[in-house]
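Below: the structure, in structure tokens.
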Amino acid sequence: MLTMIRKVIIRSILFLAAFNSFNLLAENSGHSVSEKELYAGDQVNDSIKWSVNFLNKLLSSCNEWYITDNQYKNPIQGVLNYAENAPLDTVVLNLKSLLKEGKVVYFMDRHPENIRNLKDVPGYIADSEVDRSIETIKKDLFDSLNNSNIIVPMMVMESELSKAPYVPEGEMNILLAKQKELPKDFMLSLNNQIAALRFPANMTGAAMDSTLNVLFMTSRKAYNDSVMNRWRDKITFSYRSGIIAQKTDLRIKDYKKSVADQNLALLTDYNQKTVSVVNDSLRLALHYLITHAEGDSTLIRLTNLSDSKAELWTANRSMKPIRMYLKNAQNDSLSVILINNRKGELKLVIDDGVKLTRYAETQNRTITFETKAPDKKLLKVNLKQVVYPPWTLRGNGSVGFTQTSLTNWAKGGESALAALIISKYTANYSKPKVKWENSAEFRYGVNKSRSRGLEKNDDKIELQSRLGLSAFKKWFYSAETNFRTQIANGYAFPDKVNPISAFMAPGFLTFSLGLDYKPSKDFSLFLSPLTSKTTYIRDTTLIKPSKFGLLPGTKKLWEPGLIVKANWHKKIADNISYDTKGEFFNNYMYPFRKMAFEWEQVLLMEVNRFINVRIMTQMIYDYNTKFPVYDGAGKVTGQKPKLQFEELFTIGFAYKF
């Protein structure tokens with residue numbers, strides 16, 4: 001019954017919100033909506049669906065309808081989203097399932113041809129560069145072929161020369177009778193030459209005809225030779241131009257195809273890496289949003305038999321509990337505490353002041369014990385062997401401080417405060433033939449000064465587990481797992497915006513198989529010729545992978561190699577101890593060229609049970625960790641690995657067990 005009433009109330013609210021928003025918009029916009037459009041749908045039997053469709057029509061009317069005030073927009077859109085979409089808890093549950101089980105490889109994808117910012121693709125050849133290269137190809141090919149000896153085939157030459165406008169062979173009189181069919185420039189030249197002739201008065205007609213005939217034959221031969229030469233040059237130029245154009249088109253076609261293939265390969269490779277990075281960031285963003293959504297709260301209302309009401313917000317975080325009284329038909333009260341268990345879930349606890357009395361029949365039973373004197377043989381027990389438990393659990397930690405306070409200090413300087421938190425825990429299992437050593441170390445230090453503000457000066461998480469089986473004498477066959485990373489983001493001062501390292505960026509995971517030499521409880525030498533070292537970068541958009549030896553766009557780097565570890569503990573005095581440990585790694589793929597080593601020393605002086613003084617130094621060299629190299633002008637010229645050194649001196653509070 002309550003469920004039906006709740007549904008009716010929700011539908012009424014949705015309908016009234018939709019109807020009121022329609023009236024408000026219609027009154028202020030000067031437009032009206034037809035009754036057919038307004039009441040489209042099953043308003044009576046499915047008011048929720050009708051209300052959703054009605055609001056969607058108004059909100060997506062291409063500015064025909066508009067909301068008169070922005071303060072109305074969020075409530076209307078919110079109630080629409082609530083009715084239209086799945087509940088938030090269902091959405092969060094489905095997303096967590098997808099992210100946890102790895103059902104989706106990529107949430108978002110993109111085709112290489114849809115990349116818009118082509119300038120971001122390294123090596124991509126743009127259209128403008130292609131056009132310039134084509135012009136260069138045309139010029140170079142023209143220069144090379146134009147200076148080469150391109151011979152026109154004889155058949156082509158003869159065929160084209162036959163089409164030239166020659167003066168045909170024949171008698172002068174016959175040809176001159178058809179002078180309209182002769183070339184005009186030939187006739188013009190011939191007439192000019194005839195007009196220039198001066199015949200003697202005594203020259204006979206036959207002599208004149210002979211002279212004119214010779215002039216005609218000479219002019220015809222000269223004209224035909226001139227035409228042949230012009231046409232020969234024209235044919236040669238046309239043929240050479242065709243050959244050059246043909247070879248140029250072929251060269252340009254090959255160039256365009258090679259550029260297209262190269263660009264497609266570059267776009268495909270770039271797109272694959274970018275899609276991977278974008279989906280990594282998308283998964284991270286979804287995790288953030290899921291965490292935010294899970295922190296949302298739900299209100300639960302309770303009513304007892306006397307209509308007294310209580311309200312409690314439930315969420316996946318701590319909420320303040322409340323007290324409520326339960327009633328029965330006789331108006332008896334029972335005080336209970338309502339405690340938030342998690343979102344949408346309550347825990348009911350009877351108040352401590354309530355006492356419940358149960359009536360039961362009491363039974364009494366008398367038992368008599370007979371006593372005897374102990375056997376004399378049992379009065380003395382000889383101790384033969386002390387058996388110690390195989391597990392040894394130890395832990396120690398300290399919170400150290402260093403302070404400098406200056407006021408009107410003539411020698412200069414500034415006030416500063418530093419704090420360092422260190423925790424170390426061990427859980428070791430020891431038998432004559434088996435040794436299993438587990439350790440965890442956490443370090444975090446900060447420093448604050450007026451000029452530099454608050455910044456981190458130490459950050460470390462290290463977990464290690466080593467299992468050993470007795471081999472011979474003091475040697476053990478051993479397998480070791482080591483994991484190292486940091487807690488918070490690291491920055492290069494004065495830049496406090498762009499981090500250079502973060503949690504799991506980098507993260508180091510090492511698996512090793514070898515021999516462990518333990519001549520005493522204070523010294524250990526571990527030799528492993530079979531070692532797998534993997535470097536992880538969790539978010540490649542936040543931290544550059546190349547800074548830690550990874551290729552751009554990749555998230556992990558695997559290296560096989562040899563590792564050597566040594567640990568030594570020395571008790572100098574009752575309250576002074578010295579610990580040192582070293583580690584050396586050599587990459588098999590680049591022997592004695594790519595190496596990494598770490599050396600740490602700790603001198604601990606205990607003032608009393610709760611106060612100690614700690615001096616610690618750490619030296620690191622890792623060929624994968626790159627630092628910028630600057631020239632004389634302060635400009636970055638490259639990157640290379642450098643020797644890292646850290647020294648810490650603290651006085652602080654300590655605890656151990």
Side-chain angles (χ1 to χ4, degrees), residues 91-92 94-137 251-293 485 489 495 497-509 533-559 589 624-626 628 636 638-639:
V91 174
V92 169
N94 292 338
L95 268 179
K96 290 179 70 174
S97 176
L98 290 176
L99 293 173
K100 181 178 180 181
E101 299 177 6
K103 295 180 179 178
V104 180
V105 179
Y106 287 155
F107 286 95
M108 303 288 292
D109 203 351
R110 176 180 64 181
H111 296 293
E113 59 270 17
N114 293 335
I115 298 176
R116 294 184 179 180
N117 297 324
L118 298 176
K119 294 180 180 180
D120 296 340
V121 182
Y124 182 84
I125 302 176
D127 292 341
S128 58
E129 187 176 350
V130 171
D131 294 339
R132 290 194 297 269
S133 299
I134 288 176
E135 293 299 325
T136 303
I137 290 174
R251 181 75 62 84
I252 291 174
K253 182 179 179 181
D254 293 341
Y255 170 72
K256 286 184 176 180
K257 184 178 183 304
S258 65
V259 169
D261 294 342
Q262 178 183 343
N263 282 346
L264 180 59
L266 289 172
L267 290 175
T268 302
D269 182 65
Y270 175 82
N271 191 61
Q272 289 177 349
K273 295 178 180 178
T274 306
V275 168
S276 177
V277 171
V278 167
N279 278 273
D280 289 343
S281 300
L282 177 58
R283 284 186 173 86
L284 185 62
L286 290 175
H287 279 297
Y288 290 154
L289 293 178
I290 288 173
T291 303
H292 175 73
T485 187
N489 292 352
D495 184 1
V497 177
N498 302 307
I500 60 175
S501 61
F503 176 72
M504 283 302 294
F508 302 97
L509 182 61
K533 179 182 178 182
T534 306
T535 304
Y536 295 92
I537 301 295
R538 179 175 60 92
D539 189 352
T540 56
T541 60
L542 186 67
I543 306 299
K544 293 182 178 179
S546 58
K547 180 174 176 60
F548 298 99
L550 279 72
L551 295 176
T554 60
K555 301 184 67 174
K556 68 178 180 178
L557 172 66
W558 178 78
E559 301 171 278
M589 294 188 291
N624 280 330
T625 304
K626 305 295 193 302
V636 178
Q639 290 185 332

request  = Starting at OG1 of Thr136, measure out to CD of Glu129 and round the result to the nearest 0.5 Å.
outcome  = 10.0 Å

ask   = Is the closest side-chain heavy-atom distance between Ile537 and Lys556 below 4.5 Å?
value = no

request  = Please list, chain by chain and in numerical order, all residues satisfying side chain to side chain donor-acceptor pair (under 3.5 Å) with Asp131, sequence neighbours excluded.
outcome  = none

task = With the side chain counted from C-beta on, respond yes when Tyr255 and Val130 share a heavy-atom pair under 4.5 Å apart, and no when they do not.
result = yes

query = Between the side chain of Arg538 and the main-chain N/O of Phe503, is any donor-acceptor distance below 3.5 Å?
reply = yes

query = Hey, is the main chain of Arg110 close enough, under 3.5 Å, to the side chain of Asn271 for a donor-acceptor pair?
reply = yes

message = With a 3.5 Å distance limit and no angle check, can you tell me whether Lys626 reaches the backbone of Lys547 through a side-chain donor-acceptor pair?
response = no

CG-CG distance between Asn263 and Leu118, expressed to the nearest 0.5 angstrom = 8.5 Å

task = Evaluate whether atom NZ of Lys544 has more than 12 neighbouring non-hydrogen atoms of other residues, nucleotides or ligands under 6.0 angstrom away.
result = no

query = How many angstroms lie between CG in Leu551 and OG in Ser546, if you round to the nearest 0.5 Å?
reply = 9.5 Å

ask   = Can you check whether Lys533 reaches Phe508 side chain to side chain, under 4.5 Å on heavy atoms?
value = yes

key: Gap separating the OG1 atom of Thr534 from the CG atom of Leu557, nearest 0.5 angstrom   = 8.0 Å

note = The reported gap from CG in Leu542 to CG in Asn489 (rounded to nearest 0.5 angstrom) is 6.0 Å

key: Inter-residue atom distance Ile137.CD1 - Lys256.NZ, 0.5 Å rounding   = 10.0 Å

ask   = Under the side-chain contact (heavy atoms from CB on, under 4.5 Å) test, which residues partner Asp127, sequence neighbours left out?
value = none

ask   = Do side-chain atoms of Asp539 reach the backbone of Thr541 as a donor and acceptor pair under 3.5 angstrom?
value = yes

task = Mind listing the closest non-hydrogen atom pair of Pro506 and Thr535 along with its distance?
result = CB-CG2, 4.1 Å

key: Smallest separation among heavy atoms of Phe548 and Ser501, with atom names   = CZ-CB, 4.3 Å

query = Ignoring hydrogens and geometry, is there a side-chain-to-backbone donor-acceptor pair from Thr485 to Met504 under 3.5 Å?
reply = yes

key: Side chain to side chain, Glu559 and Asn624, heavy atoms closer than 4.5 Å   = yes

Main-chain N/O of Tyr270 paired with Thr274 side-chain donor or acceptor, under 3.5 Å = yes

inquiry  = Within the structure provided, determine whether Ile543 and Ile500 are in side-chain contact (heavy-atom separation under 4.5 Å).
reply    = no

key: Leu267 vs Glu113, side chain to side chain contact (heavy atoms under 4.5 Å, CB included): CA-CA, chis, key distance, verdict   = CA-CA 7 Å; Leu267 290 175; Glu113 59 270 17; over 6 Å; no

side-chain contact (heavy atoms from CB on, under 4.5 Å) partners for Leu264, two or more places apart = Thr268

